[in-house]
Visitor: 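Supplied in structure tokens, the structure appears directly below.
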Amino acid sequence: MVELDYDIVIVGGGGAGLYAALWAAENTILKVAVMTKVYPTRSHTGAAEGGINAVLTHSVGDSPEAHAYDTVKGSDFLADQDAVDIMCKMGAAVIYDIAHRGVPFSRRPDGRIAQRPFGGASFPRTCYAADKTGFYILQTLYEQCLKNNVTFLNEWFLLSIIHNGERVEGITAWDIRNGGVHLIKTKAVILATGGHARVYWNRTSNALGNTGDGTAAALRAGLPLKDMEFIQFHPTGLAKTGILVTEGARGEGGYLRNKDGERFMKRYAPEKMELAPRDIVARAIQTEIDEGRGCGPNGDYICLDLTHLGEEKINERLPQTREHAILYEGVDPVKEPIPIAPTAHYSMGGIDADKLGRTPIKGLYAAGECACISVHGANRLGGNSLLDVLVYGRLTALEAVKYADEAPETNPSVAKAKDDEKRILELMEADGKEKVADLRKELGNVMMKHFGVFREEKSMREGLEKVMEIKERAKHVKVYDTSKKFNTDLITALEFLNLVDLAPAIAVPAIERKESRGAHARKDYPKRDDKNFLKHSVVKLKEDGTYELSWKPVTITKFLPEERKY
Amino acid sequence: MVKVGFYQGCCFQGQDAHMFETMKEMFKRIDVDVVLLEETTCCGGNTIDEENRKLSYAINARNIALAEREGLDMLVSCNTCYMVIAKAKRALDTNKKLRDEINELLKEEGLEYKGTSRIYHLLDFFRDVVGYEKIKQAVKRPLKGWKVVAYYGCHVLYPKEIAVDNSDNPSSLQEILKALGAEVIDDYEGKDACCGYHSFFTDKSMTLKKLNRILGGVKKVGADIVATPCPLCFKSFDIYQTNMENPPRVPSSFLPEIMAYAFGIDKDKSGLSHHLIKVEKE
Amino acid sequence: METAILQVFRYDPEKDQAPYYKEYEVPVEGTLLNALLYIKDNLDPTLAFRAFCRSEVCGSCSMKVNGKTKLACKTPMKELVETWKGKPLRIEPLNHMKVIKDLVVDIDKPIEKMKTLIPWLVPDPRVVPTDPMHESIIYPEEMEAYKDQIHCMLCFSCYSACEAVADNERYRGPFAFSKAYRFQVDRRDIETAKEKRIRYAISGGLWSCVQCQKCIHVCPKGVRPAEDIQNLRGQAVKKGFTDKPGAKKLKHFVDWIYATGQINRLYLPEEVYGNKEAREKLTKAYTEMGVEVWEVPKPTKGLMKFRDIYLEILSKEDKALDLDYSHVRKIDKMVSDIFKADICTIVDKAHEEGRSSRGLISKLKGLLGGQ
């Protein structure tokens with residue numbers, strides 16, 4: 001069992017992880033390493049298209065306060081306003097910083113960073129780099145990390161977090177390339193492992209590996225997860241794969257039609273029609289499907305019709321949409337409508353962290369989608385995720401540097417590593433009565449059916465039972481590949497087991513939150529209930545395997561709850 | 001009789017002018033009248049692009065405009081010239097600003113690039129204009145018993161936007177060689193390698209390694225000759241091969257030569273007997 | 001359902017003495033990545049390959065199909081079946097990198113190679129404010145210069161397909177040059193860094209590129225490394241790195257094409273490698289074949305106008321001084337010595353003679369039977 005020794009380990013090499021690494025590398029002589037299960041530039045930050053919100057020095061009429069208000073309102077007042085305040089005030093600083101490092105932001109004719117309007121924002125404050133903002137940010141941050149000689153542990157998989165109840169002491173991880181469990185001693189850990197929308201396996205826009213590895217490890221280490229019931233569904237995911245069709249397709253004039261060819265949005269948002277906010281459109285689509293007006297042999301999708309836009313406009317404005325529809329759906333949008341359905345897109349919930357990204361365990365931080373600070377509350381605004389990623393990547397880095405500078409030497413026990421080793425061995429020796437691929441699909445279907453766009457008491461209770469049953473059956477999954485090197489069969493199984501651990505943490509608070517707020521839409525409680533539920537749900541995994549739910553207050557500083565109307 | 005403008009590049013003029021005569025004669029046998037586009041210049045050899053890409057576009061806009069002036073499509077019988085000219089044509093056809101800017105300069109000579117002439121390479125010209133059947137009919141001296149390796153060269157297949165055949169699995173060269181009656185070998189080590197012609201004057205060692213790779217593969221499959229539709233690949237095989245430490249002495253042929261021979265033109269006139277590595281096969 | 005056979009490269013260096021191919025029957029539906037995921041979920045969970053985003057932004061899943069580099073998530077199965085006309089599809093790991101297992105290769109080496117070309121912005125403090133709350137002004141037009149290069153997602157498709165990587169260990173790889181070039185044309189990048197990148201690029205094989213265009217062909221993102229390499233070569237020469245053969249070759253092309261409309265193969269070896277014998281040898285060889293050797297191509301009609309266009313473009317691009325006028329005058333003198341008239345007269349005469357004037361094939365005509 002090899003032991004590695006660092007002062008700060010950043011788990012995850014996406015936007016938050018790399019920005020944390022950069023700020024740590026530039027501000028300390030401590031030993032910092034980025035551990036990631038894929039090469040950094042593969043991370044899902046790279047898939048973020050739209051942009052990043054920030055009030056810049058030249059944003060006339062706009063202010064960080066206005067940005068904060070929009071964010072809080074978008075969150076359906078569940079966001080913590082002290083954290084939102086910090087994030088919105090730091091917007092310009094992080095934008096200029098990454099622009100100075102080379103991010104090719106689209107520019108106005110006068111050479112300043114261009115900004116465009118985005119859903120839920122009262123000013124055009126979304127900075128963008130063509131339609132590949134996240135991609136360029138990720139590539140640029142990686143370049144800068146190379147420049148700063150950041151140490152990377154590429155293709156290492158997080159297994160466990162080790163702490164003594166007070167301070168973090170280390171982590172254990174599997175070296176994917178060479179095989180083997182490693183104990184990594186460190187004073188501070190920043191978890192930047194991304195979201196867990198892969199719980200909805202076949203109905204998500206997320207990458208194959210967005211399996212909430214850090215969140216699950218935190219849960220198993222006894223840390224609280226917050227607001228896990230909130231999952232954002234994007235209205236237009238390709239029917240077969242859940243891969244995203246950009247909002248631009250509707251922005252350019254695409255129609256949504258049900259099986260009768262009707263533009264049904266007129267019944268849901270007669271004025272805005274297809275351009276209504278994401279959650280409203282997602283709910284409308286889901287209603288059409290649920291009420292039997294879906295298209296196709298199984299009535300399980302809706303048609304996004306672009307045919308009237310003509311080939312030229314589609315090629316010019318929506319080339320990627322056309323390519324993806326042809327490649328992944330087998331449909332050419334010039335000739336036929338694209339089959340789409342809502343797709344799980346973003347996890348608002350995650351590891352409970354405060355306004356500086358600190359968890360209840362000293363030295364352990366969370367940043368980006370895996371964290372719940374919470375700056376997104378019950379619903380995230382488009383353009384706020386990249387901002388969250390950068391602001392909290394940077395803040396947690398500075399916090400971790402400060403902490404690790406002073407913290408005592410740690411002495412993590414090898415017990416955890418031995419346990420993990422045993423767990424992996426057991427997976428290879430399991431009876432194999434269940435297959436990962438089958439169970440994973442089943443879990444996804446159960447989650448989509450019972451904890452999807454719409455939720456309802458009876459269905460959710462049924463769903464939770466099924467989830468717990470799958471969790472039980474998951475004990476029988478087997479890893480067939482017994483080799484050490486690049487054992488993707490093992491990684492697939494570990495990822496699935498993480499999803500299985502997280503699913504009940506979504507289900508339990510979803511059942512108990514008896515109101516509709518942001519992305520949590522209950523048919524049996526269609527109204528927001530500030531009296532009883534203006535509070536964060538907190539879930540912990542107890543030693544007996546049960547999920548314990550508690551609540552904690554929302555920090556409200558300036559903006560009092562009001563009805564969320566657009 | 002099909003009439004087509006012939007772009008001479010550097011391989012069909014000066015001391016290599018006889019190659020044009022061979023071509024002309026060969027084409028006559030398949031009812032094609034190749035009209036030499038006299039005033040055209042070197043395409044820049046994909047090297048002028050290093051100096052300035054717009055210069056390359058301008059030179060070739062002029063070259064194409066000369067064909068357009070005659071109302072003819074343009075046949076380019078060199079892979080590199082084809083690639084460079086086809087790339088220029090793409091740029092000119094898709095970028096109006098560039099086209100206008102260059103046309104302004106061409107005006108002085110009374111020329112205009114309009115985009116009306118199609119650019120052919122030998123392979124698509126034989127396939128789409130002449131037809132394999134016609135080639136078959138013109139054969140007077142079938143290449144019976146000739147084991148011929150089909151070597152495409154890079155610039156007719158890559159990049160895909162200018163490719164004249166399926167870049168991954170091309171078939172036109174094999175079809176032509178088959179029509180000549182040859183036994184075609186299209187699977188050998190090094191078949192996808194570059195001939196190294198263009199690195200001879202930038203990194204000679206690279207050229208020699210490439211030749212070793214390809215000609216070694218050819219030797220292994222026991223071929224009589226390599227046939228290529230590119231005069232530069234041919235020069236690399238025939239001339240630069242002699243620069244190798246232990247030349248495998250694999251004979252090669254520019255496609256029109258071997259076609260001329262199969263069409264019954266004298267071996268001497270076909271060009272086949274003037275190679276540095278002698279073509280022994282009769 | 002239509003199916004296809006995939007012959008997948010399998011190799012676990014721990015267990016297998018040698019690689020082998022395993023056949024799987026997969027549905028012809030969706031992309032090659034779908035087919036591989038189908039294998040993993042239904043037929044053989046032990047198959048190792050990389051994949052992440054599924055939608056061509058992360059660059060994980062590049063591999064070879066029947067020797068050709070492909071990004072699996074961007075390659076429709078139907079297209080493969082059509083291209084290869086029912087032949088089995090051989091799926092293999094990328095070239096030039098060590099196989100870790102099955103389709104997974106070690107990409108550390110190309111990343112390390114890239115790193116040596118300074119593929120990051122080194123800000124010029126005169127352009128990029130050091131005050132973090134100040135914006136650096138960049139005009140949309142100037143971003144045109146690197147709009148393609150920034151799409152590189154490090155999938156290493158070009159590295160695998162590269163002819164120069166195949167035969168030159170030191171060669172950095174097409175993508176690495178594109179990454180480097182991206183900063184060479186960024187106004188914010190400091191001049192000293194630009195100078196260094198050129199130095200390192202030359203040492204990293206800038207002149208070894210064979211210009212096969214495969215990197216452009218295989219790039220799933222429309223990056224054009226072979227052209228960026230040409231651009232870097234141009235920059236190298238401009239910055240005074242003129243001692244390499246490639247730089248001399250470029251000079252030959254620039255001068256001779258301007259002077260005569262053609263390059264001159266007789267003089268190339270001499271002007272590039274200082275090899276004077278080559279000209280004599282070539283002349284001798286041609287003469288033996290009965291081919292009359294002309295030391296310079298005869299100027300054709302239109303040459304003077306051609307020169308105008310040539311010079312006009314160079315001037316517009318601020319490169320008029322790249323022409324070596326004394327070299328051009330020397331060539332002009334050779335022309336007038338041979339044709340016994342000055343260049344303008346010759347061109348005028350060509351004009352009068354009409355377009356049929358070729359001039360040189362006296363002996364050859366005999367050889368070809370007087371055609």
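Throughout, a chain's letter reflects where its sequence line sits, starting with A, and its residues are numbered from 1.
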Visitor: Is it true that Asp228(C) and Arg224(C) have a side-chain N and a carboxylate O under 4.0 angstrom from each other?
Guide: no
Visitor: Please classify the contact of Ile118(C) with chain A as side chain, backbone, both or neither, using a heavy-atom distance under 4.5 Å.
Guide: neither
Visitor: Below 4.0 angstrom, N of the basic side chain to O of the carboxylate: do Arg199(C) and Glu195(C) qualify?
Guide: yes
Visitor: Let me know if Phe49(C) has heavy atoms under 4.5 Å from chain A in its side chain, its backbone, both or neither.
Guide: backbone
Visitor: What part of Glu323(A) gets closer than 4.5 Å to chain C, counting heavy atoms only: side chain, backbone, both or neither?
Guide: side chain
Visitor: Answer yes when Lys485(A) and Glu14(C) have at least one side-chain N-carboxylate O distance shorter than 4.0 Å, and no when they do not.
Guide: no
Visitor: Is it the backbone or the side chain of Arg112(A) that comes under 4.5 Å from a heavy atom of chain C, or both, or neither?
Guide: both
Visitor: Can you tell whether the side chains of Arg107(A) and Glu135(C) come within less than 4.0 Å, N to carboxylate O?
Guide: yes
Visitor: Can you tell me which portion of Asp12(C) sits under 4.5 Å from chain A's heavy atoms? Options are side chain, backbone, both or neither.
Guide: side chain
Visitor: For Arg54(C), which atoms come within 4.5 Å of any heavy atom of chain A: side chain, backbone, both, or neither?
Guide: both
Visitor: With a 4.5 angstrom heavy-atom cut-off, is it the side chain or the backbone of Glu56(C) that approaches chain A, or both, or neither?
Guide: both
Visitor: What part of Lys74(C) gets closer than 4.5 Å to chain A, counting heavy atoms only: side chain, backbone, both or neither?
Guide: both
Visitor: Less than 4.5 Å to any heavy atom of chain A: does that hold for the side chain of Asp108(C), its backbone, both, or neither?
Guide: both
Visitor: How far apart are the closest heavy atoms of Tyr11(C) and Pro19(C), and which atoms are they?
Guide: CD1-N, 3.6 Å
Visitor: Closer than 4.0 angstrom, basic N to acidic O: yes or no for Lys37(A) and Glu495(A)?
Guide: yes
Visitor: Quick one: what part of Cys152(C) sits under 4.5 Å from any heavy atom of chain A, side chain, backbone, both or neither?
Guide: backbone
